[in-house]
Visitor: 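Dropping the structure in here first, questions after.
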Amino acid sequence: MHSGDTARGRGLRIGMLGGGFMGRVHSRAARSAGAVLDSVASSRPERSAQAAAELGFENSTPSDELLGRTFDAVHICTPNDVHAAQSLQALDAGSNIICEKPLATDSAAARAVLARADEAGLQGTVPFVYRYHPMVREARARFREGQAGTLLTVDAGYLQDWLLGSGDENWRVDSERGGPSRAFADIGSHLVDLIEFIVDDRISSLVATTRTVHPRRGGTAVTTEDTVAVTVEFSGGAIGSLLVSQLAPGRKNGLTVEIAGTEASMRFEQERPEQLWFGRRADSRLLVRDPDSLSADAARLCMVPAGHPQGYQDAFNAFVADSYALFAGERPEGLPTLRDGVRAVLVTEAVLRSVHERSWVDVEALAV
């Protein structure tokens, strides 16, 4: 079934926690999938009422009341420190969940959410939505077909500039709300998930360094990182480098992955999502999104004809549609689930441990 088919979520009743930017993105995707926007809860009663009016929910309600009810799905779009607790409450009430990353601020709590879902026979997903750009699926399909050969290297980065100045503030900067990692947990996790998704291999060990450029923001001490550099080794023997920064002037959402194999290289840039660079020693090509020429998995995510650009919200819509399909008993290809959410927390912990110990860390050992 085409991911753009709104029937996939038709009639599902959803609740949502959080009415900020991510709440708006989630609600658009839920509406696109045909869900019934039942109830929303935000930080205060007046904010909940405002969110209900702005986002099109039937009701506004306190968080505890919402979490005590059973929905087909609860979207959790709140600060990081409450993700795990709210996920557990929603699961205990019999609701499937879509929880913003990180699933939890530590791996023990993330594993607890996964275990509770398994025990209850419920499902959960985590929005690693860059998997849902058609040209990412095309890169993945070509790699799986062997067109790139054996993976040799990965050169990847995720650069933003929204926290460039010392006066730039956000709740994510506060480790009490955002967790012990900021830049890596927030955007580095997307980068790692996308790499491992495309190459179908896992980072087995890493060494990392971080820097907090602004030790104070708005008079408050900052303990989380602004920038991260990581050298990685993969289980299959490949090596790579990752650069993550929220202080890169001019870069709004510069997620880039370049993989090099024994036969070819591929490069995807999220700020140019309609394209995939495919390079061989003898020639290079710039592939464009066209459902008539893409792999089946990529073509199913093409919601409009070639030449009509798709972007971030389209990717998010497809992710939510696939999540609802999972909750209805289907098994959509490439959907990021709670296990992927746990994986992201584990890799983040490996980065923090490497920085603390100033040494290589065996990621797979942490996953046991």
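Any value given below was found using the heavy atoms of this structure, including those in side chains, with hydrogens, waters and symmetry copies removed.
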Visitor: Is any NZ, NE, NH1 or NH2 atom of the basic residue among Asp200 and Arg140 found under 4.0 Å from an Asp or Glu carboxylate oxygen of the other?
Guide: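 No.
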Visitor: Sub-3.5 Å donor-acceptor pair from the side chain of His83 to the main-chain atoms of Ile76, do we have one?
Guide: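 Not at all, since once roles are kept as given, no pair shorter than 3.5 Å links the two residues.
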Visitor: I'd like to check Val113 versus Leu91 (side-chain heavy atoms, cut-off strictly below 4.5 Å). Are they in contact?
Guide: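 Yes; the side chains approach each other to less than 4.5 Å.
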Visitor: Could you measure the distance from the OG atom of Ser42 to the CZ atom of Arg47? Nearest 0.5 Å is fine.
Guide: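 Reported value, rounded in 0.5 Å steps: 4.5 Å.
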Visitor: Using 4.0 Å as the upper bound for N to carboxylate O, is an ion pair formed by Arg69 and Asp38?
Guide: yes
Visitor: Do Asp64 and Pro62 have side chains that approach each other closer than 4.5 Å (heavy atoms only, starting at C-beta)?
Guide: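 No, side chains not in contact.
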Visitor: Strictly below 4.0 Å, N to O, side chains only: are Glu138 and Arg289 in salt-bridge contact?
Guide: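 No, this pair does not count.
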Visitor: Look at Asp174 together with Arg182 and state whether they make a salt bridge at an N to O cut-off of under 4.0 Å.
Guide: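 Between Arg182 and Asp174 there is no salt bridge, as every charged N stays at least 4.0 Å from the carboxylate O atoms.
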Visitor: Could you check whether Asp340 pairs with Arg131 (Lys NZ or Arg NE/NH1/NH2 to Asp/Glu carboxylate O, under 4.0 Å)?
Guide: yes
Visitor: Between Glu263 and Arg142 (salt bridge meaning N to carboxylate O under 4.0 Å), is one present in this structure?
Guide: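 The answer is no: the pair does not qualify as a salt bridge.
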Visitor: Phe57 and Ser27: which non-hydrogen atoms are nearest, and at how many Å?
Guide: CE1-CB, 4.1 Å
Visitor: With a 4.0 Å cut-off, would you call Arg137 and Asp297 a salt bridge?
Guide: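 Salt bridge flag = yes for Asp297 with Arg137.
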Visitor: Do Asp186 and Gln246 get their side chains close enough for a donor-acceptor pair, meaning under 3.5 Å?
Guide: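 There is such a pair between these side chains.
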Visitor: So which heavy atom on Val244 is nearest to which on Leu159, and how close?
Guide: C-CD2, 4.5 Å
Visitor: Counting only heavy atoms not in Arg251 (residues, nucleotides, ligands), do more than 12 fall under 6.0 Å from its CZ?
Guide: no
Visitor: Determine whether Arg172 and Arg177 make a side-chain contact, defined as any pair of heavy atoms from C-beta on separated by less than 4.5 Å.
Guide: no
Visitor: Is a side-chain N or O of Ser95 found less than 3.5 angstrom from the main chain of Phe71, in a donor-acceptor match?
Guide: yes
Visitor: When you measure from the side chain of Asp193 to the backbone of Ser189, do you find a donor-acceptor pair of N or O atoms at a distance under 3.5 Å?
Guide: no
Visitor: Taking Tyr130 as the starting point, is it possible to reach Leu287 by hopping between hydrophobic residues whose side chains are less than 4.5 Å apart?
Guide: yes
Visitor: Closer than 4.0 angstrom, basic N to acidic O: yes or no for Arg202 and Glu233?
Guide: no
Visitor: Please round to the nearest 0.5 Å and tell me the distance separating atom CG of Asp81 and atom OG1 of Thr105.
Guide: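 The OG1 atom of Thr105 is 7.0 Å from CG of Asp81, to the nearest 0.5 Å.
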Visitor: Side chains of Ser245 and Thr227: is there a donor and an acceptor less than 3.5 Å apart?
Guide: no
Visitor: Looking only at heavy atoms, what is the nearest atom pair of Leu294 and Cys302, with distance?
Guide: CD1-SG, 3.9 Å
Visitor: Between CD of Glu258 and OG1 of Thr153, what distance do you get to the nearest 0.5 Å?
Guide: 7.5 Å
Visitor: Decide if atom CG of Leu286 counts as having more than 12 heavy atoms of other residues, nucleotides or ligands within a radius under 6.0 Å.
Guide: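 More than 12 heavy atoms, drawn from other residues, nucleotides or ligands, come within 6.0 Å of this atom.
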Visitor: CZ of Arg353: more than 12 outside heavy atoms within 6.0 angstrom?
Guide: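 Open: at most 12 neighbouring heavy atoms sit under 6.0 Å from CZ of Arg353.
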Visitor: Linking directly or through intermediates, with side-chain heavy atoms under 4.5 Å: list the remaining ILVMFWY members grouped with Val207, chain and number order.
Guide: Trp360
Visitor: Could you tell me whether a side-chain N or O of Ser175 sits under 3.5 Å from a main-chain N or O of Gly179, the two making a donor and an acceptor?
Guide: no
Visitor: Any heavy-atom pair between the side chains of Glu269 and Gln275 that's under 4.5 Å?
Guide: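 Gln275 vs Glu269: side chains apart.
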Visitor: Please say whether more than 12 non-hydrogen atoms of neighbouring residues, nucleotides or ligands are located less than 6.0 Å from CD in Glu176.
Guide: no
Visitor: Are Leu66 and Leu88 connected in a single hydrophobic cluster, I mean Ile/Leu/Val/Met/Phe/Trp/Tyr linked by side-chain heavy atoms less than 4.5 Å apart?
Guide: yes
Visitor: Report the C-alpha separation of Asp226 and Arg211 in whole Å, then their side-chain angles, then the decisive distance to 0.1 Å, and conclude whether the side-chain contact (heavy atoms from CB on, under 4.5 Å) test is met.
Guide: CA-CA 6 Å; Asp226 292 315; Arg211 184 182 177 199; over 6 Å; no
Visitor: Please determine whether side-chain contact (heavy atoms from CB on, under 4.5 Å) holds for the pair His190 and Lys101, giving the CA-CA distance in whole Å, both sets of side-chain angles, and the decisive distance to 0.1 Å.
Guide: CA-CA 9 Å; His190 274 297; Lys101 49 85 197 144; 3.1 Å; yes
Visitor: Is any side-chain heavy atom of Leu67 closer than 4.5 Å to one of Leu17?
Guide: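 They are in contact (side-chain heavy atoms under 4.5 Å apart), so the answer is yes.
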Visitor: Hey, is CZ on Arg280 packed in by over 12 heavy atoms from elsewhere, all under 6.0 Å?
Guide: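 Yes, CZ of Arg280 has more than 12 neighbouring heavy atoms, counting only those of other groups under 6.0 Å.
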Visitor: Around atom CZ of Arg339, are there more than 12 heavy atoms from other residues, nucleotides or ligands closer than 6.0 Å?
Guide: no
Visitor: Any donor and acceptor pair, going by atom type alone, linking the side chain of Thr125 with main-chain N or O of Ser323 inside 3.5 Å?
Guide: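 Such a contact is absent between Thr125 side chain and Ser323 backbone.
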Visitor: Give the minimum heavy-atom separation between Ala30 and Leu37, together with the two atoms involved.
Guide: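 For Ala30 and Leu37, the tightest heavy-atom pair comes out as CB-CD1, 4.1 Å.
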Visitor: With a 6.0 Å cut-off on the ring centroids, do His133 and Tyr312 count as close?
Guide: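 No, ring centres 6.0 Å or more apart.
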Visitor: Could you check whether Tyr158 and Asn253, counting side-chain N and O atoms only, form a donor-acceptor pair closer than 3.5 Å?
Guide: yes
Visitor: Return yes if a side-chain donor-acceptor contact under 3.5 Å exists between Glu100 and His75, otherwise no.
Guide: no
Visitor: Would you say Val173 and Val351 are hydrophobically clustered, going by side-chain heavy atoms of ILVMFWY under 4.5 Å?
Guide: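 Shared cluster, no.
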Visitor: Look up atom CG in Leu335 and atom CZ in Phe319, then write down how far apart they are to the nearest 0.5 Å.
Guide: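 Leu335 atom CG to Phe319 atom CZ measures 6.0 Å (nearest 0.5 Å).
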Visitor: With a 3.5 Å distance limit and no angle check, can you tell me whether Glu58 reaches the backbone of Ser39 through a side-chain donor-acceptor pair?
Guide: no
Visitor: Whether Glu54 and Arg24 form a salt bridge (side-chain N of Lys/Arg under 4.0 Å from carboxylate O of Asp/Glu) is what I want to check.
Guide: no
Visitor: Dump the intermediate steps for side-chain contact (heavy atoms from CB on, under 4.5 Å) on Phe184 and Leu352, then the final yes or no.
Guide: CA-CA 9 Å; Phe184 195 85; Leu352 294 179; over 6 Å; no
Visitor: Check Arg343 with Glu364, please: is the shortest side-chain N to carboxylate O separation under 4.0 Å?
Guide: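 Yes, Glu364 and Arg343 are salt-bridged.
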Visitor: Could you give the distance from CG (Asp362) to OG (Ser205), rounded to the nearest 0.5 Å?
Guide: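 One gets 6.5 Å once the value is rounded to the nearest 0.5 Å.
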Visitor: Please check this pair: side chain of Asn96 against backbone of Gly124, looking for a donor-acceptor N/O pair closer than 3.5 Å.
Guide: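 Side chain of Asn96 to backbone of Gly124, a donor-acceptor pair under 3.5 Å: no, none is there.
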Visitor: Report the C-alpha separation of Val136 and Phe197 in whole Å, then their side-chain angles, then the decisive distance to 0.1 Å, and conclude whether the side-chain contact (heavy atoms from CB on, under 4.5 Å) test is met.
Guide: CA-CA 9 Å; Val136 165; Phe197 180 70; 4.2 Å; yes
Visitor: Nearest heavy-atom pair of Ser107 and Leu346: which atoms, and what distance?
Guide: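 The answer is CB-CD2, 3.7 Å.
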Visitor: For Ala93, is there any backbone N or O sitting under 3.5 Å from a side-chain donor or acceptor partner on Thr70?
Guide: yes
Visitor: Side chains of Thr78 and Gln86 only: does a donor on one sit below 3.5 Å from an acceptor on the other?
Guide: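 Yes, side-chain donor-acceptor contact under 3.5 Å.
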Visitor: Between Leu206 and Val232, which heavy-atom pair has the shortest distance, and what is it?
Guide: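 Smallest heavy-atom distance, with atoms named: CB-CG1, 4.1 Å.
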Visitor: Is there a donor-acceptor pair closer than 3.5 Å between any side-chain N or O of Thr348 and the backbone N or O of Ala344?
Guide: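 Side chain of Thr348 to backbone of Ala344: a pair is present.
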Visitor: How long is the span from the CE atom in Met16 to the OG atom in Ser48, to the nearest 0.5 Å?
Guide: 12.5 Å
Visitor: Report yes or no: do Leu114 and Val126 belong to one cluster of Ile/Leu/Val/Met/Phe/Trp/Tyr joined by side chain heavy-atom distances under 4.5 Å?
Guide: yes
Visitor: Examine the side chains of Tyr132 and Asp322 and answer whether a donor and an acceptor come within less than 3.5 Å of each other.
Guide: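 Side-chain D/A pair, Tyr132 to Asp322: present.
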Visitor: Group every Ile, Leu, Val, Met, Phe, Trp and Tyr by side-chain heavy-atom contacts under 4.5 Å, then state whether Met22 and Tyr324 land in the same group.
Guide: yes
